[in-house]
Amino acid sequence: MVQTEAFDLGAEVDAMRQGRTDIGAIASFVGLARDMNEGSGVQAMTLEHYPGMTEKALAALVDEANTRWALLDVTVIHRVGRLLPGDPIVLVAVASSHRGEAFAACEFIMDALKTRAPFWKKEETPKGERWVDARSSDDTAAARWDK
Amino acid sequence: MVQTEAFDLGAEVDAMRQGRTDIGAIASFVGLARDMNEGSGVQAMTLEHYPGMTEKALAALVDEANTRWALLDVTVIHRVGRLLPGDPIVLVAVASSHRGEAFAACEFIMDALKTRAPFWKKEETPKGERWVDARSSDDTAAARWDK
Amino acid sequence: MKAHMLYFARLRERFGMADEHLELAGTTAADLVEQLRARGGIWAEELAAGRTFRVAVNQDIVTLDAVLPDNAEVAIFPPVTGG
Amino acid sequence: MKAHMLYFARLRERFGMADEHLELAGTTAADLVEQLRARGGIWAEELAAGRTFRVAVNQDIVTLDAVLPDNAEVAIFPPVTGG
(Lines give C-alpha, C1' and ligand atoms only; values in the text may rest on other atoms or scores of the structure.)
Protein backbone atom coordinates (compact mmCIF):
# COMPACT_ATOMS: atom_id res chain seq x y z
CA MET A 1 0.00 0.00 0.00
CA VAL A 2 2.93 2.36 0.71
CA GLN A 3 5.98 2.08 -1.51
CA THR A 4 8.81 4.07 -3.04
CA GLU A 5 8.62 2.28 -6.43
CA ALA A 6 6.38 3.30 -9.31
CA PHE A 7 3.11 1.40 -9.79
CA ASP A 8 1.47 0.10 -12.95
CA LEU A 9 -2.20 1.07 -13.29
CA GLY A 10 -2.84 -1.45 -16.07
CA ALA A 11 -1.31 -4.31 -14.09
CA GLU A 12 -3.24 -3.41 -10.92
CA VAL A 13 -6.58 -3.24 -12.74
CA ASP A 14 -5.85 -6.44 -14.69
CA ALA A 15 -5.07 -8.19 -11.41
CA MET A 16 -8.47 -7.11 -10.07
CA ARG A 17 -10.47 -8.47 -12.95
CA GLN A 18 -8.39 -11.58 -13.73
CA GLY A 19 -10.37 -14.79 -13.46
CA ARG A 20 -13.65 -13.19 -12.46
CA THR A 21 -16.78 -12.31 -14.40
CA ASP A 22 -18.90 -10.55 -11.77
CA ILE A 23 -17.23 -7.12 -12.05
CA GLY A 24 -19.16 -4.64 -14.17
CA ALA A 25 -17.22 -1.49 -13.37
CA ILE A 26 -13.72 -0.46 -12.34
CA ALA A 27 -13.23 3.20 -11.47
CA SER A 28 -9.65 4.26 -10.93
CA PHE A 29 -7.66 7.34 -10.14
CA VAL A 30 -4.01 8.26 -10.52
CA GLY A 31 -2.62 11.38 -8.87
CA LEU A 32 0.55 12.79 -10.42
CA ALA A 33 3.25 15.22 -9.36
CA ARG A 34 2.77 18.53 -11.21
CA ASP A 35 5.45 20.99 -12.25
CA MET A 36 3.44 23.91 -10.87
CA ASN A 37 1.74 24.58 -7.54
CA GLU A 38 0.42 27.83 -6.12
CA GLY A 39 2.04 29.83 -8.86
CA SER A 40 5.62 28.60 -8.70
CA GLY A 41 7.57 25.92 -10.47
CA VAL A 42 8.12 22.61 -8.71
CA GLN A 43 11.32 20.79 -9.63
CA ALA A 44 10.77 17.79 -7.37
CA MET A 45 8.91 16.76 -4.26
CA THR A 46 9.54 14.47 -1.34
CA LEU A 47 6.72 12.58 0.33
CA GLU A 48 7.11 11.78 4.02
CA HIS A 49 4.71 9.54 5.92
CA TYR A 50 4.06 8.03 9.36
CA PRO A 51 4.90 4.34 9.01
CA GLY A 52 2.37 2.22 10.81
CA MET A 53 -0.31 4.86 11.07
CA THR A 54 -0.38 5.24 7.28
CA GLU A 55 -1.28 1.61 6.71
CA LYS A 56 -3.83 1.76 9.52
CA ALA A 57 -5.44 4.93 8.14
CA LEU A 58 -5.60 3.58 4.56
CA ALA A 59 -7.10 0.28 5.75
CA ALA A 60 -9.72 2.24 7.72
CA LEU A 61 -10.65 4.25 4.61
CA VAL A 62 -11.06 1.07 2.57
CA ASP A 63 -13.15 -0.52 5.36
CA GLU A 64 -15.38 2.53 5.46
CA ALA A 65 -15.82 2.46 1.68
CA ASN A 66 -16.75 -1.22 1.87
CA THR A 67 -19.36 -0.41 4.49
CA ARG A 68 -20.89 2.39 2.46
CA TRP A 69 -20.96 0.72 -0.96
CA ALA A 70 -21.18 -2.81 -2.39
CA LEU A 71 -17.63 -3.23 -3.66
CA LEU A 72 -15.88 -6.27 -5.09
CA ASP A 73 -12.26 -5.13 -4.73
CA VAL A 74 -10.26 -2.07 -3.75
CA THR A 75 -6.59 -1.25 -4.37
CA VAL A 76 -4.81 1.75 -2.83
CA ILE A 77 -1.12 2.46 -3.46
CA HIS A 78 0.66 5.59 -2.26
CA ARG A 79 4.27 6.33 -3.01
CA VAL A 80 6.74 8.01 -0.66
CA GLY A 81 10.23 9.41 -1.18
CA ARG A 82 11.46 11.81 -3.83
CA LEU A 83 9.34 12.23 -6.98
CA LEU A 84 9.70 14.32 -10.13
CA PRO A 85 7.00 16.22 -12.05
CA GLY A 86 4.98 13.72 -14.10
CA ASP A 87 5.60 10.87 -11.65
CA PRO A 88 2.50 9.05 -10.40
CA ILE A 89 1.98 9.51 -6.63
CA VAL A 90 -1.18 7.69 -5.70
CA LEU A 91 -3.44 5.05 -7.23
CA VAL A 92 -6.96 4.11 -6.14
CA ALA A 93 -8.92 1.46 -8.06
CA VAL A 94 -12.37 0.21 -7.08
CA ALA A 95 -14.28 -2.69 -8.62
CA SER A 96 -18.03 -3.08 -8.26
CA SER A 97 -20.98 -4.60 -10.09
CA HIS A 98 -22.23 -1.14 -11.01
CA ARG A 99 -20.53 2.06 -12.06
CA GLY A 100 -22.21 4.46 -9.64
CA GLU A 101 -20.80 2.65 -6.63
CA ALA A 102 -17.34 2.28 -8.18
CA PHE A 103 -17.13 6.02 -8.96
CA ALA A 104 -18.47 7.13 -5.57
CA ALA A 105 -16.17 4.85 -3.58
CA CYS A 106 -13.10 5.78 -5.63
CA GLU A 107 -13.71 9.50 -5.18
CA PHE A 108 -14.55 9.06 -1.48
CA ILE A 109 -11.30 7.19 -0.84
CA MET A 110 -9.25 9.90 -2.60
CA ASP A 111 -11.02 12.72 -0.76
CA ALA A 112 -10.67 11.00 2.61
CA LEU A 113 -7.04 10.05 1.96
CA LYS A 114 -6.21 13.72 1.37
CA THR A 115 -7.35 14.66 4.87
CA ARG A 116 -6.89 11.50 6.95
CA ALA A 117 -3.80 9.64 5.77
CA PRO A 118 -0.51 10.87 7.27
CA PHE A 119 1.45 11.95 4.20
CA TRP A 120 3.25 15.26 3.81
CA LYS A 121 4.67 16.83 0.67
CA LYS A 122 7.76 18.98 0.53
CA GLU A 123 8.37 20.77 -2.75
CA GLU A 124 11.66 21.88 -4.27
CA THR A 125 11.15 25.20 -6.08
CA PRO A 126 13.58 27.75 -7.58
CA LYS A 127 13.16 29.69 -4.30
CA GLY A 128 14.07 26.71 -2.14
CA GLU A 129 12.21 23.98 -0.33
CA ARG A 130 8.74 24.41 1.14
CA TRP A 131 6.27 22.17 2.92
CA VAL A 132 2.92 22.11 1.13
CA ASP A 133 0.09 23.57 3.19
CA ALA A 134 -3.16 21.66 3.59
CA ARG A 135 -5.88 23.00 1.30
CA SER A 136 -9.26 24.07 2.54
CA SER A 137 -10.66 22.67 -0.75
CA ASP A 138 -9.54 19.22 0.42
CA ASP A 139 -11.44 19.65 3.70
CA THR A 140 -14.49 20.73 1.71
CA ALA A 141 -14.21 17.74 -0.61
CA ALA A 142 -13.85 15.33 2.31
CA ALA A 143 -16.75 16.90 4.20
CA ARG A 144 -19.10 16.11 1.30
CA TRP A 145 -19.05 12.48 2.42
CA ASP A 146 -20.01 13.16 6.03
CA LYS A 147 -23.52 12.07 6.76
CA MET B 1 -12.90 5.41 -30.53
CA VAL B 2 -14.99 2.42 -31.69
CA GLN B 3 -13.19 -0.88 -32.19
CA THR B 4 -13.62 -4.63 -31.98
CA GLU B 5 -10.19 -5.25 -30.40
CA ALA B 6 -9.45 -5.15 -26.68
CA PHE B 7 -7.94 -1.98 -25.23
CA ASP B 8 -5.13 -1.53 -22.70
CA LEU B 9 -6.00 0.84 -19.85
CA GLY B 10 -2.39 1.16 -18.72
CA ALA B 11 -1.16 2.01 -22.21
CA GLU B 12 -3.93 4.57 -22.78
CA VAL B 13 -3.25 6.35 -19.49
CA ASP B 14 0.52 6.23 -20.03
CA ALA B 15 0.02 7.79 -23.48
CA MET B 16 -1.93 10.63 -21.85
CA ARG B 17 0.72 11.53 -19.34
CA GLN B 18 3.81 10.82 -21.46
CA GLY B 19 6.05 13.83 -21.87
CA ARG B 20 3.93 16.23 -19.84
CA THR B 21 4.12 17.49 -16.29
CA ASP B 22 0.98 19.59 -15.97
CA ILE B 23 -1.45 16.74 -15.28
CA GLY B 24 -2.32 16.32 -11.61
CA ALA B 25 -5.14 13.82 -11.91
CA ILE B 26 -6.30 11.06 -14.24
CA ALA B 27 -9.69 9.51 -13.50
CA SER B 28 -10.57 6.48 -15.54
CA PHE B 29 -13.33 3.97 -15.90
CA VAL B 30 -13.54 0.52 -17.44
CA GLY B 31 -16.91 -1.15 -18.00
CA LEU B 32 -16.83 -4.94 -18.24
CA ALA B 33 -19.19 -7.62 -19.50
CA ARG B 34 -20.75 -9.42 -16.51
CA ASP B 35 -21.89 -13.04 -16.34
CA MET B 36 -25.19 -12.02 -14.78
CA ASN B 37 -27.86 -9.46 -15.69
CA GLU B 38 -31.41 -9.11 -14.42
CA GLY B 39 -31.23 -12.45 -12.66
CA SER B 40 -30.07 -14.71 -15.46
CA GLY B 41 -26.70 -15.97 -16.63
CA VAL B 42 -25.08 -14.27 -19.61
CA GLN B 43 -22.81 -16.49 -21.70
CA ALA B 44 -21.81 -13.80 -24.19
CA MET B 45 -23.01 -10.52 -25.62
CA THR B 46 -22.87 -8.78 -28.97
CA LEU B 47 -22.59 -5.02 -29.22
CA GLU B 48 -24.12 -3.36 -32.27
CA HIS B 49 -23.66 0.32 -33.09
CA TYR B 50 -24.58 2.96 -35.66
CA PRO B 51 -21.35 3.68 -37.55
CA GLY B 52 -20.94 7.39 -38.17
CA MET B 53 -23.43 8.53 -35.57
CA THR B 54 -21.48 6.75 -32.82
CA GLU B 55 -18.30 8.71 -33.50
CA LYS B 56 -20.31 11.92 -33.78
CA ALA B 57 -22.15 11.28 -30.50
CA LEU B 58 -18.96 10.39 -28.61
CA ALA B 59 -17.15 13.46 -29.95
CA ALA B 60 -20.11 15.62 -28.85
CA LEU B 61 -19.93 14.15 -25.32
CA VAL B 62 -16.21 14.88 -25.12
CA ASP B 63 -16.78 18.43 -26.41
CA GLU B 64 -19.46 18.99 -23.80
CA ALA B 65 -17.17 17.70 -21.03
CA ASN B 66 -14.41 20.05 -22.24
CA THR B 67 -16.86 22.95 -22.06
CA ARG B 68 -17.99 22.13 -18.55
CA TRP B 69 -14.62 21.34 -16.97
CA ALA B 70 -10.98 22.37 -17.43
CA LEU B 71 -9.61 19.15 -18.91
CA LEU B 72 -6.18 18.38 -20.34
CA ASP B 73 -7.01 15.18 -22.24
CA VAL B 74 -9.87 12.74 -22.75
CA THR B 75 -9.85 9.22 -24.19
CA VAL B 76 -13.01 7.24 -24.95
CA ILE B 77 -12.90 3.75 -26.44
CA HIS B 78 -15.97 1.56 -26.93
CA ARG B 79 -15.82 -1.96 -28.25
CA VAL B 80 -18.36 -3.56 -30.57
CA GLY B 81 -18.86 -7.15 -31.70
CA ARG B 82 -19.10 -10.32 -29.62
CA LEU B 83 -17.72 -10.19 -26.07
CA LEU B 84 -17.48 -12.72 -23.26
CA PRO B 85 -18.05 -12.20 -19.52
CA GLY B 86 -15.02 -10.49 -18.03
CA ASP B 87 -14.16 -8.71 -21.29
CA PRO B 88 -13.72 -4.93 -21.09
CA ILE B 89 -16.39 -3.06 -23.08
CA VAL B 90 -15.74 0.64 -22.60
CA LEU B 91 -12.90 2.85 -21.39
CA VAL B 92 -13.10 6.52 -20.41
CA ALA B 93 -10.00 8.32 -19.12
CA VAL B 94 -9.86 12.01 -18.25
CA ALA B 95 -6.78 14.07 -17.36
CA SER B 96 -6.99 17.37 -15.52
CA SER B 97 -4.93 19.54 -13.22
CA HIS B 98 -7.24 18.70 -10.31
CA ARG B 99 -9.02 15.57 -9.23
CA GLY B 100 -12.52 16.99 -8.76
CA GLU B 101 -12.76 17.93 -12.42
CA ALA B 102 -11.25 14.64 -13.62
CA PHE B 103 -13.75 12.59 -11.57
CA ALA B 104 -16.77 14.69 -12.55
CA ALA B 105 -15.96 14.68 -16.26
CA CYS B 106 -15.23 10.93 -16.31
CA GLU B 107 -18.52 10.09 -14.62
CA PHE B 108 -20.44 12.58 -16.78
CA ILE B 109 -19.07 11.02 -19.97
CA MET B 110 -20.00 7.51 -18.84
CA ASP B 111 -23.50 8.57 -17.77
CA ALA B 112 -24.10 10.50 -20.99
CA LEU B 113 -22.67 7.71 -23.15
CA LYS B 114 -25.17 5.27 -21.64
CA THR B 115 -28.11 7.33 -22.87
CA ARG B 116 -26.79 9.20 -25.92
CA ALA B 117 -24.35 6.97 -27.82
CA PRO B 118 -25.96 4.53 -30.26
CA PHE B 119 -24.82 1.16 -28.92
CA TRP B 120 -27.08 -1.81 -28.28
CA LYS B 121 -26.35 -5.00 -26.35
CA LYS B 122 -27.73 -8.40 -27.16
CA GLU B 123 -27.13 -11.08 -24.55
CA GLU B 124 -26.85 -14.82 -25.01
CA THR B 125 -28.45 -16.58 -22.04
CA PRO B 126 -29.38 -20.23 -21.35
CA LYS B 127 -32.94 -19.26 -22.44
CA GLY B 128 -31.76 -17.81 -25.76
CA GLU B 129 -30.83 -14.38 -27.04
CA ARG B 130 -32.34 -11.14 -25.77
CA TRP B 131 -31.82 -7.47 -26.45
CA VAL B 132 -30.97 -5.58 -23.28
CA ASP B 133 -33.62 -3.02 -22.31
CA ALA B 134 -32.59 0.53 -21.45
CA ARG B 135 -32.52 1.13 -17.70
CA SER B 136 -34.38 3.94 -16.03
CA SER B 137 -31.40 4.17 -13.61
CA ASP B 138 -29.27 5.22 -16.58
CA ASP B 139 -31.73 8.00 -17.45
CA THR B 140 -31.65 9.10 -13.81
CA ALA B 141 -27.85 9.09 -13.75
CA ALA B 142 -27.64 11.08 -16.97
CA ALA B 143 -30.27 13.60 -15.81
CA ARG B 144 -28.08 14.52 -12.81
CA TRP B 145 -25.85 16.46 -15.19
CA ASP B 146 -28.62 18.57 -16.72
CA LYS B 147 -28.48 22.15 -15.65
CA MET C 1 -38.54 13.90 -51.00
CA LYS C 2 -36.46 10.83 -50.44
CA ALA C 3 -34.99 9.33 -47.29
CA HIS C 4 -32.44 6.64 -46.61
CA MET C 5 -33.85 4.64 -43.69
CA LEU C 6 -31.64 2.74 -41.24
CA TYR C 7 -32.90 0.31 -38.59
CA PHE C 8 -30.83 -0.96 -35.66
CA ALA C 9 -30.80 -3.65 -33.00
CA ARG C 10 -34.16 -5.15 -32.08
CA LEU C 11 -35.98 -3.07 -34.71
CA ARG C 12 -33.58 -4.18 -37.45
CA GLU C 13 -34.35 -7.78 -36.53
CA ARG C 14 -38.13 -7.29 -36.23
CA PHE C 15 -38.42 -5.35 -39.50
CA GLY C 16 -36.19 -7.87 -41.23
CA MET C 17 -34.04 -5.18 -42.83
CA ALA C 18 -31.10 -2.95 -41.95
CA ASP C 19 -31.95 -0.17 -44.40
CA GLU C 20 -34.23 0.87 -47.24
CA HIS C 21 -34.86 3.86 -49.52
CA LEU C 22 -38.22 5.61 -49.14
CA GLU C 23 -40.22 8.19 -51.03
CA LEU C 24 -41.69 10.37 -48.27
CA ALA C 25 -45.43 11.14 -48.22
CA GLY C 26 -45.11 13.91 -45.58
CA THR C 27 -42.60 16.42 -44.29
CA THR C 28 -41.91 15.62 -40.60
CA ALA C 29 -40.48 12.70 -38.64
CA ALA C 30 -44.00 12.09 -37.31
CA ASP C 31 -45.33 11.83 -40.89
CA LEU C 32 -42.59 9.33 -41.69
CA VAL C 33 -43.40 7.18 -38.66
CA GLU C 34 -47.10 7.28 -39.63
CA GLN C 35 -46.17 6.18 -43.15
CA LEU C 36 -44.28 3.17 -41.77
CA ARG C 37 -47.08 2.31 -39.30
CA ALA C 38 -49.51 2.24 -42.19
CA ARG C 39 -47.69 -0.86 -43.44
CA GLY C 40 -49.45 -2.69 -40.62
CA GLY C 41 -48.16 -5.89 -39.01
CA ILE C 42 -44.85 -5.63 -37.19
CA TRP C 43 -44.43 -2.00 -38.34
CA ALA C 44 -47.69 -0.91 -36.72
CA GLU C 45 -46.83 -2.89 -33.61
CA GLU C 46 -43.26 -1.66 -33.05
CA LEU C 47 -44.02 1.96 -33.91
CA ALA C 48 -47.34 2.13 -32.01
CA ALA C 49 -47.88 5.30 -29.99
CA GLY C 50 -47.05 3.69 -26.63
CA ARG C 51 -43.75 2.15 -27.78
CA THR C 52 -40.40 3.76 -27.07
CA PHE C 53 -38.10 4.29 -30.02
CA ARG C 54 -35.68 6.98 -31.14
CA VAL C 55 -35.44 8.80 -34.46
CA ALA C 56 -32.15 10.28 -35.69
CA VAL C 57 -31.94 12.53 -38.75
CA ASN C 58 -28.52 12.79 -40.32
CA GLN C 59 -27.11 11.21 -37.14
CA ASP C 60 -28.68 13.57 -34.61
CA ILE C 61 -31.54 12.47 -32.37
CA VAL C 62 -34.67 14.51 -33.17
CA THR C 63 -38.17 14.86 -31.81
CA LEU C 64 -41.13 13.77 -33.94
CA ASP C 65 -42.00 17.31 -34.99
CA ALA C 66 -38.65 17.66 -36.81
CA VAL C 67 -38.93 18.59 -40.49
CA LEU C 68 -36.92 16.24 -42.69
CA PRO C 69 -34.46 17.61 -45.24
CA ASP C 70 -34.40 15.95 -48.67
CA ASN C 71 -32.19 12.89 -48.97
CA ALA C 72 -31.94 12.62 -45.20
CA GLU C 73 -30.41 9.64 -43.48
CA VAL C 74 -33.15 8.70 -41.02
CA ALA C 75 -32.48 6.05 -38.38
CA ILE C 76 -35.06 4.43 -36.13
CA PHE C 77 -33.82 2.43 -33.18
CA PRO C 78 -34.60 1.33 -29.60
CA PRO C 79 -33.26 3.29 -26.60
CA VAL C 80 -29.51 2.78 -26.45
CA THR C 81 -27.86 0.31 -24.05
CA GLY C 82 -24.12 0.62 -24.50
CA GLY C 83 -21.28 1.14 -22.07
CA MET D 1 3.51 7.97 32.84
CA LYS D 2 5.76 7.82 29.85
CA ALA D 3 5.17 8.63 26.20
CA HIS D 4 7.10 7.99 23.02
CA MET D 5 6.83 11.22 21.03
CA LEU D 6 7.02 11.32 17.22
CA TYR D 7 7.27 14.50 15.12
CA PHE D 8 6.70 14.67 11.38
CA ALA D 9 7.24 16.90 8.38
CA ARG D 10 7.64 20.63 9.11
CA LEU D 11 7.40 20.05 12.88
CA ARG D 12 10.13 17.39 12.79
CA GLU D 13 12.38 19.90 11.04
CA ARG D 14 11.49 22.84 13.30
CA PHE D 15 11.90 20.85 16.52
CA GLY D 16 15.11 19.33 15.23
CA MET D 17 14.11 15.82 16.21
CA ALA D 18 12.04 12.93 14.85
CA ASP D 19 11.24 11.40 18.23
CA GLU D 20 11.93 11.53 21.96
CA HIS D 21 10.89 9.80 25.19
CA LEU D 22 8.99 11.93 27.71
CA GLU D 23 7.91 11.62 31.34
CA LEU D 24 4.40 13.11 31.31
CA ALA D 25 3.48 15.80 33.85
CA GLY D 26 -0.28 15.59 33.14
CA THR D 27 -2.89 13.11 31.88
CA THR D 28 -4.40 14.50 28.66
CA ALA D 29 -3.14 15.42 25.20
CA ALA D 30 -3.73 19.08 26.14
CA ASP D 31 -1.48 18.67 29.22
CA LEU D 32 1.21 17.16 27.00
CA VAL D 33 1.02 20.02 24.51
CA GLU D 34 1.23 22.50 27.41
CA GLN D 35 4.31 20.67 28.73
CA LEU D 36 5.99 21.02 25.33
CA ARG D 37 4.99 24.70 24.96
CA ALA D 38 6.61 25.38 28.33
CA ARG D 39 9.96 24.65 26.68
CA GLY D 40 9.57 28.05 25.02
CA GLY D 41 11.25 29.06 21.75
CA ILE D 42 10.22 27.09 18.68
CA TRP D 43 8.06 24.77 20.80
CA ALA D 44 5.96 27.63 22.15
CA GLU D 45 5.73 29.11 18.67
CA GLU D 46 4.71 26.00 16.72
CA LEU D 47 2.28 24.74 19.36
CA ALA D 48 0.73 28.13 20.13
CA ALA D 49 -3.05 28.15 20.52
CA GLY D 50 -3.72 29.62 17.06
CA ARG D 51 -1.53 27.13 15.16
CA THR D 52 -2.99 24.10 13.43
CA PHE D 53 -1.45 20.75 14.27
CA ARG D 54 -2.72 17.21 14.75
CA VAL D 55 -2.15 14.83 17.65
CA ALA D 56 -2.35 11.05 17.17
CA VAL D 57 -2.28 8.61 20.08
CA ASN D 58 -1.26 5.07 19.20
CA GLN D 59 -1.80 6.01 15.54
CA ASP D 60 -5.32 7.39 15.83
CA ILE D 61 -6.02 11.12 15.55
CA VAL D 62 -7.41 12.42 18.85
CA THR D 63 -8.79 15.68 20.20
CA LEU D 64 -6.87 17.54 22.89
CA ASP D 65 -9.13 16.32 25.69
CA ALA D 66 -8.05 12.70 25.07
CA VAL D 67 -6.59 10.93 28.12
CA LEU D 68 -3.22 9.34 27.34
CA PRO D 69 -2.59 5.68 28.21
CA ASP D 70 0.78 4.82 29.72
CA ASN D 71 3.58 4.19 27.24
CA ALA D 72 1.53 5.73 24.44
CA GLU D 73 3.01 6.50 21.05
CA VAL D 74 2.05 10.15 20.64
CA ALA D 75 2.62 11.87 17.29
CA ILE D 76 2.35 15.59 16.60
CA PHE D 77 2.27 16.73 12.99
CA PRO D 78 0.93 19.37 10.57
CA PRO D 79 -2.33 18.82 8.65
CA VAL D 80 -1.72 16.09 6.07
CA THR D 81 -1.05 16.86 2.40
CA GLY D 82 -0.73 13.53 0.61
CA GLY D 83 -2.37 12.13 -2.52
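Naming convention: chains lettered A, B, ... in sequence-line order (proteins, then strands); numbering from 1 in each chain.
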Exercise for review: Quick one: sort the Phe119(A) and His49(A) rings into parallel, tilted or perpendicular, breaks at 30° and 60°.
Suggested key: parallel
Review point. With under 30° as parallel and over 60° as perpendicular, where do the rings of Phe29(A) and Phe103(B) fit, or are they tilted in between?
Key: parallel
Considering only heavy atoms, which portion of [X] lies under 4.5 Å from any heavy atom of chain A: side chain, backbone, both, or neither?
{"X": "Arg99(B)", "value": "both"}
{"X": "Ala25(B)", "value": "both"}
{"X": "Val13(B)", "value": "side chain"}
{"X": "Ala33(B)", "value": "backbone"}
{"X": "Asp111(B)", "value": "both"}
{"X": "Ser137(B)", "value": "neither"}

Who among [options] has the most heavy-atom pairs with chain A under 4.5 Å?
{"options": "Ile89(B), Asp22(B), Leu32(B)", "result": "Leu32(B)"}
{"options": "Ala27(B), Pro85(B), Ser28(B)", "result": "Ser28(B)"}
{"options": "Arg20(B), Met36(B), Arg17(B)", "result": "Arg17(B)"}
{"options": "Gly86(B), Gly100(B), Gly19(B), Ala141(B)", "result": "Gly86(B)"}
{"options": "Gly31(B), Cys106(B), Gly24(B)", "result": "Gly24(B)"}
{"options": "Ala93(B), Ala102(B), Ala95(B), Pro88(B)", "result": "Pro88(B)"}

**Study point:** Expected output: side-chain Arg68(B) to main-chain Trp145(B) donor-acceptor under 3.5 Å
**Key:** yes
Closest non-hydrogen atom pair, [X] against [Y]:
{"X": "Arg130(B)", "Y": "Val42(B)", "value": "NH2-CG2, 4.2 Å"}
{"X": "Met1(B)", "Y": "Val62(B)", "value": "CE-CG2, 4.4 Å"}
{"X": "Ala44(A)", "Y": "Arg82(A)", "value": "CB-NH2, 3.5 Å"}
{"X": "Thr75(B)", "Y": "Ile77(B)", "value": "CG2-CG1, 4.1 Å"}
{"X": "Thr115(A)", "Y": "Asp138(A)", "value": "CG2-O, 3.5 Å"}

Review point. For the candidates Glu107(A), Met110(A), His98(A), which exhibits the highest count of non-hydrogen atom pairs separated by less than 4.5 Å from chain B?
Key: Glu107(A)
Point to revise | Side-chain heavy atoms of Val76(B) within contact of Leu113(B), under 4.5 Å | key: yes
